[in-house]
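Below you'll find the structure, written out as structure tokens, and then a few comments.
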Protein chains: 2
Amino acid sequence: MLTEERHRLILDLLAEKKVVKLQELVEATSSSESTIRRDLSQLEKEKKLRRVHGGAALLHQKREELSVLEKSTKNIQEKRMIAQYAARFVQNGDCIYLDAGTTTLEMIPYLNAKDIVVVTNGVTHLEALLEKDIPTYLLGGFIKKKTKALIGRGALNSLENYSFDKCFIGVNGIHLEYGYTTPDPEEAMVKSLAIKLSRQAYVLADHSKMNESTFAKIADLQDATIITDELDNELLELYEAKTAIEVVKK
Amino acid sequence: MLTEERHRLILDLLAEKKVVKLQELVEATSSSESTIRRDLSQLEKEKKLRRVHGGAALLHQKREELSVLEKSTKNIQEKRMIAQYAARFVQNGDCIYLDAGTTTLEMIPYLNAKDIVVVTNGVTHLEALLEKDIPTYLLGGFIKKKTKALIGRGALNSLENYSFDKCFIGVNGIHLEYGYTTPDPEEAMVKSLAIKLSRQAYVLADHSKMNESTFAKIADLQDATIITDELDNELLELYEAKTAIEVVKK
DNA sequence: CAAAAATCAATCAAAAACATTCATTTACAA
DNA sequence: TTGTAAATGAATGTTTTTGATTGATTTTTG
């Protein structure tokens, strides 16, 4: 393949996709990494594109990713730990429901079981899921602007058509007496139904959510297995008396 | 083979392929490398082409890259023109369905009617819709990776719960005999149902789609109003005999 | 924070493509 | 036919391109 051809192909692919990985280009052109790197360097010199770690991007590009990055730096370590732990429960062939929310979003990179199918109400989850080539179904319904979660009657109707091996739900409060809670009743209904439709339900929450309760109840403690990252022994015993609980070690 | 002949052949091949390898020319002309090199040098001097390592390329490859950009920009402008025109049909209080696809996506910035509600199967439409603070419902269903459109039984089920004042559908073919068509049958079903559920349906397509047909039929011509950007008078009359059609002026 | 993995730049030798030269062939007019 | 100029193809040494390798750097992971 001619240099000229490669350059053209690279720019075309880039125009189409906004960002391209080096490996994709290696595949698309059947040439070596070295060659592609040289191409990218040259094209960058010619101001045709911008190199980024792992590939290349269009010159003038939005910084959506940046804002996502900024947003997620805070509790991310803890959430990722929980997410990674939770992802281990997913087995080959499982049909799982992934609740909207950052913790469940973090699970996706660790979903390495084969032949799984994912249903979710989180629009933000889509990109990551498709990136991993996981067949994905989205619930219908009303879009909640702030969280980009699908809620309402449409979401419940959609959900009723499925049943799951496992579901993974993010919550805002876990409380010995009040069970699992979240601030938005509409979201609570979706989470609640997802739990009912699953053979096994997992609730993901970092330690700041323990012994807290918020407005809308999702389910009773015993309806799900808790996955969290910290809990002193005294409380652990109290919770263990009521339901299964997994505490992820740091 | 005559020199003149060879030169003509080279230029023809080049015009067709944009880039041509020296070896290809050697084969095509049954002459030696040296000869072809001389030809290329000469033609370059005459500004008929540009030599590149390994062969030759069209002279204004750079400009042509631009023109690819221009072309896509032009296409976008046509699409935007159609989209802007279509957006005028949306009135205060309307419930509308926006089909997935780039043309309907372009409509969103022009949706300035008040109190409208939008239902869509295009995940990519979401951001723009929320940006404009338009209450939005998403269909459920399976996510088609390439287009990020929601399709399949889930989408149809979701769709059945609604009915619309107007729907705006992108198509790949408009044909006097075969009606509206699109390549993917799954998408066709969704589009078809949306049209059935709407009091008034609009089909958006630039002129390149006119008199074309693709695999899967969506609906008959008379089931929707066509909005396009170019059509000679003769054809216009033929179409007008069958359905309403709006031709957007440049 | 440290280890592991991925990505990167720099270097080098092999392969491909190059310009140049020269002997031979071809075209064509004398 | 013959002379001459243009065109051709082969041979030469040079330059460019390429893919592999190395160790450095960045990013991800635990």
Side-chain angles (χ1 to χ4, degrees), chain A residues 1-10 19-46 49-57 65-66 68-70 72-88 102-103 105-112 128 131-132 206 227-230 246-250, chain B residues 1-10 14 19-46 49-57:
Chain A
M1 171 173 269
L2 242 47
T3 309
E4 195 71 19
E5 283 179 277
R6 266 199 329 271
H7 285 191
R8 174 164 205 108
L9 184 54
I10 290 172
V19 253
V20 284
K21 288 189 204 150
L22 190 123
Q23 288 306 331
E24 289 174 351
L25 294 176
V26 168
E27 244 181 83
T29 61
S30 310
S31 41
S32 69
E33 282 193 18
S34 301
T35 300
I36 299 297
R37 283 184 205 292
R38 271 185 288 257
D39 287 342
L40 294 185
S41 295
Q42 188 179 342
L43 289 170
E44 182 173 48
K45 234 182 233 169
E46 295 171 10
L49 52 73
R50 185 165 54 93
R51 290 190 75 177
V52 296
H53 197 89
E65 294 176 19
L66 271 183
V68 172
L69 276 179
E70 286 166 16
S72 54
T73 39
K74 200 178 178 184
N75 286 325
I76 194 123
Q77 296 278 20
E78 292 155 1
K79 282 184 177 171
R80 187 171 292 165
M81 219 165 50
I82 295 171
Q84 186 172 10
Y85 192 91
R88 288 192 213 155
T102 51
T103 311
L105 178 60
E106 291 290 335
M107 284 179 66
I108 298 173
Y110 302 103
L111 289 177
N112 295 320
E131 169 80 15
K132 291 212 55 136
D206 64 68
I227 304 179
T228 187
D229 65 328
E230 230 182 84
E246 304 267 348
V247 179
V248 187
K249 295 161 194 167
K250 276 188 178 173
Chain B
M1 172 174 272
L2 236 50
T3 308
E4 270 307 311
E5 258 180 288
R6 263 198 334 270
H7 285 192
R8 169 53 56 97
L9 184 52
I10 290 172
L14 189 57
V19 205
V20 60
K21 290 204 247 292
L22 189 125
Q23 289 306 329
E24 290 173 353
L25 295 176
V26 169
E27 255 183 72
T29 61
S30 309
S31 41
S32 70
E33 284 193 14
S34 300
T35 300
I36 300 297
R37 284 185 204 291
R38 271 185 284 259
D39 287 342
L40 294 185
S41 293
Q42 188 179 341
L43 289 169
E44 182 172 47
K45 227 181 245 170
E46 295 170 10
L49 52 73
R50 185 166 53 96
R51 290 192 73 177
V52 297
H53 198 91

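Just so it is clear, the values below take in all heavy atoms, side chains as well, and ignore hydrogens, waters and symmetry mates. The sequence lines fix the lettering, A, B, ..., with proteins before strands; numbering per chain opens at 1. Only a predicted model underlies this, so the values are computations on that prediction, with no experimental measurement involved.
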With A:Lys79 as partner, the option from A:Asp229, A:Thr102, A:Thr103, A:Asp206 fulfilling side chain to side chain donor-acceptor pair (under 3.5 Å) is A:Thr102

Close approaches to DNA chain C from residues 20-37 of chain A, in residue order (heavy atom, under 4.0 Å):
A:Leu22, A:Arg37

Candidate nucleotides D:dG30, D:dT17, D:dT8, ranked by approach to the side chain of B:Arg6 - the nearest
D:dT8

Rounded distance in Å - CD (B:Gln42) to P (D:dA6)
12 Å

Report the C-alpha distance between A:Arg6 and A:Thr35 in whole Å, list the side-chain angles of each, state the deciding distance to 0.1 Å, and finish with yes or no for side-chain hydrogen bond (donor to acceptor under 3.5 Å, both in side chains).
CA-CA 10 Å; A:Arg6 266 199 329 271; A:Thr35 300; 5.4 Å; no

Give the intermediate values and the outcome of side-chain contact (heavy atoms from CB on, under 4.5 Å) for residues B:Leu25 and B:Leu40.
CA-CA 10 Å; B:Leu25 295 176; B:Leu40 294 185; 4.1 Å; yes

Distance-only donor-acceptor check, side chains A:Gln84 and A:Glu106, under 3.5 Å:
no

Could you tell me how far apart A:His53 (NE2) and D:dT26 (P) are, to the nearest whole angstrom?
9 Å

What is the separation between atom CE on A:Met1 and atom C1' on D:dG19, rounded to the nearest whole Å?
16 Å

I want to check one thing: is the phosphate of D:dT29, taken as OP1 and OP2, less than 4.0 Å away from some side-chain N or O of A:Gln84?
no

Can you see whether B:Glu27 engages B:Gln23 through a side-chain donor-acceptor pair at a distance of less than 3.5 angstrom?
no

Atom-to-atom span, CD of B:Glu4 to C1' of D:dA6 - whole angstrom
14 Å

Nearest heavy-atom approach of A:Glu5 to B:Lys21 is OE1-NZ, 3.4 Å

A:Leu2 CG to D:dT17 P: how many Å, rounded?
10 Å

If you measure from the Lys or Arg side-chain nitrogens to the Asp or Glu carboxylate oxygens, is any gap between B:Glu4 and B:Arg8 under 4.0 Å?
no

Euclidean distance, atom CG of residue B:Leu40 to atom P of D:dT8 [Å, nearest integer]:
13 Å

Rounded to whole Å, the CG-C1' distance (A:Asp39 to C:dA9) equals 15 Å

Look only at the side chain of A:Glu44 and the backbone of A:Arg51, and say whether a donor-acceptor pair between them is shorter than 3.5 Å.
yes

Could you tell me if the side chain of A:Val247 sits less than 4.5 Å from the side chain of A:Glu230, heavy atoms only?
no

Enumerate all atom pairs, one protein N or O and one N or O from nucleotides 22-27 of chain C, separated by less than 3.5 Å.
none

Considering every strand and a 4.0 Å limit on heavy-atom distances, what is the contact class for A:Thr3: base, sugar-phosphate, or nothing?
sugar-phosphate

